[in-house]
Number of protein chains: 2
Amino acid sequence: MKGYLWTGGDPGSHKPVAPPEHGRLAPWEAIAVEAVGNVIEFWGFKRNQGRVWGLLYLRGEPLTAGEIERELDLSKGGVSMLLRDLEHWGVIQRVRVPQDTVWRYAAETDLVRMVTHVVEEREAAFVTRIRADLSEARRLAEATGGLPPERLRRLERMAVLAEHVERALRLFIKTSRLDVGGVLGAFRDGALARSKGER
Amino acid sequence: MKGYLWTGGDPGSHKPVAPPEHGRLAPWEAIAVEAVGNVIEFWGFKRNQGRVWGLLYLRGEPLTAGEIERELDLSKGGVSMLLRDLEHWGVIQRVRVPQDTVWRYAAETDLVRMVTHVVEEREAAFVTRIRADLSEARRLAEATGGLPPERLRRLERMAVLAEHVERALRLFIKTSRLDVGGVLGAFRDGALARSKGER
DNA sequence: GGTGCAGTTCACGCGGTCTTGAACTATATG
DNA sequence: CATATAGTTCAAGACCGCGTGAACTGCACC
């Protein structure tokens, strides 16, 4: 997460900002792919994870690692790792086309799963940890004698605060999943399912 | 935002992980301060911004830049910049104690404001931009002749997706502000108000 | 077995961010 | 005015994550 804040703003610019030279991507594809990359980076992932997913999603039919490599101008190794991550999160699928020997990758329709999933991960790995830390601090503080009671109260408030932020976060995850999930549900049918079976 | 994800996990560890040598911070303070630092970093800010805010909040009474510098073991320049940021976001307040010449800084109670505020910023600076990009892509795509209609449909879905994530985000901001804000409302009264006036 | 290609792993280097520390400004004090 | 202390700014450097590219594995086909 970078300088998205107020710092050094120049909000009016937004040039179409020609995306870096893409292999043979159509301009509109390039823009869209880049947009996904930005969103994804914004959410705390690697931008290239987003770009790969975006490409796969736009194309509909499964691509090989080599194709991705060419289209997005990435290195072999890089693509391999990115695909591993995405597959691990369940946002792409590795498919073997019948008479063919290479692996192909297809986008799962719910990018949302990616976001929610990892937001959940982060939460699990983190919020609980924070809680532990705060209660530890509280334990220590209580053990220490002669502290002004207001200071303890401040600590407690802090813990309460943390819990409420956590609650809000959970809520967010839940709503975003339902909301967006519902919309996608209406979509997931056509081209993707077909393209998987064809060829 | 870093490696909070699954990668290289070792979820069971969580050693109390002695926070870096603090000036004269009580251990429990150190832990709490560090916790806030982590949360804040997690949300995409600088960890030290969180630590400073945490310290000020815990102490209740306004501190000078020098004290912060010592307690958190930061550089003069760094503290200056951190304080500027925090003040700019309205999460701390610069106060001048009557017979004294130096500035002191006190934590505003709503850390939430920090989060929501910047989440809003990010949204403004970003989501709108993404939307613009996607519709631009769509324009280009439509201008291009002879595209399979499903590919266009995918692009449209993408835009819809973006919009729904956006909606969920907005909702999140709103709820989190109400939720946590309400809780804080119940608190903002005692010690802080008092400590501001005293001395 | 050998050749070639798909795929994985990993040490290194680039690029970006954060912090430092020194130079500088501002403001009070003798 | 000289001196000291609070506060700001900024270039230089530390630091860290990411992607690269080369070495390696695995597998198919000859």
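A note on names: the letters A, B, ... follow the listed sequences, proteins ahead of strands, and every chain is numbered from 1.
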For this session: Establish, yes or no, whether the cationic atom of B/Arg139 lies under 6.0 Å from the six-membered ring centre of A/Trp28 and within 45° of the ring axis.
Result: no
For this session: Could you check how far CZ of A/Phe45 sits from P of D/dG17, rounded to whole Å?
Result: 17 Å
Can you name the atoms? Protein N/O to nucleotides 19-26 of chain D N/O, anything below 3.5 Å, with the distance.
from: D/dG19; atom 1: OP1; to: A/Asn48; atom 2: ND2; distance (Å): 2.5
from: D/dT20; atom 1: OP2; to: A/Ser75; atom 2: N; distance (Å): 2.9
from: D/dT20; atom 1: OP2; to: A/Ser75; atom 2: OG; distance (Å): 2.9

Exercise. Can you get from A/Val102 to A/Leu72 by hopping between Ile, Leu, Val, Met, Phe, Trp and Tyr side chains that sit under 4.5 Å apart?
Worked result: no
Exercise. Taking atom P of D/dT5 as reference, at what distance in whole Å does atom CD of B/Glu69 sit?
Worked result: 14 Å
Exercise. For the pair made of CG in B/Asp85 and P in C/dT17, what is the distance, rounded to whole Å?
Worked result: 15 Å
Exercise. Taking CD from A/Glu67 and C1' from C/dG7, how many angstroms apart are they, rounded to a whole number?
Worked result: 15 Å
Seminar exercise, completed: When rounded to whole Å, the CD to P distance for the pair B/Glu87 and D/dT8 reads 9 Å
For this session: Tell me which nucleotide among D/dA6, C/dA28, C/dT8 gets nearest to the side chain of B/Thr101.
Result: C/dA28
Problem set entry | Rounded interatomic separation in angstrom, taking CG from A/Leu86 and C1' from C/dT8 | 16 Å
Exercise. For the rings on B/Trp53 and B/Tyr105, is their centre-to-centre separation under 6.0 Å?
Worked result: no
For this session: Quickly work out the B/Ile92 CD1 to D/dG7 C1' distance and round it to whole Å.
Result: 14 Å
For this session: Return the value, rounded to whole Å, for the distance between atom CZ of B/Arg96 and atom C1' of D/dG7.
Result: 11 Å
Seminar exercise, completed: Result for salt bridge (charged side-chain N to carboxylate O under 4.0 Å, His left out) between B/Glu41 and one of B/Lys46, B/Arg47, B/Arg51 points to B/Arg47
Exercise. Between atom CD1 of A/Ile92 and atom CD of A/Gln49, what is the distance when rounded to the nearest 0.5 Å?
Worked result: 10.0 Å
For this session: Respond yes when some side-chain nitrogen or oxygen of B/Arg94 is under 4.0 Å from OP1 or OP2 of D/dG7, and no when none is.
Result: no
For this session: Look at B/Asp133 together with B/Arg129 and state whether they make a salt bridge at an N to O cut-off of under 4.0 Å.
Result: yes
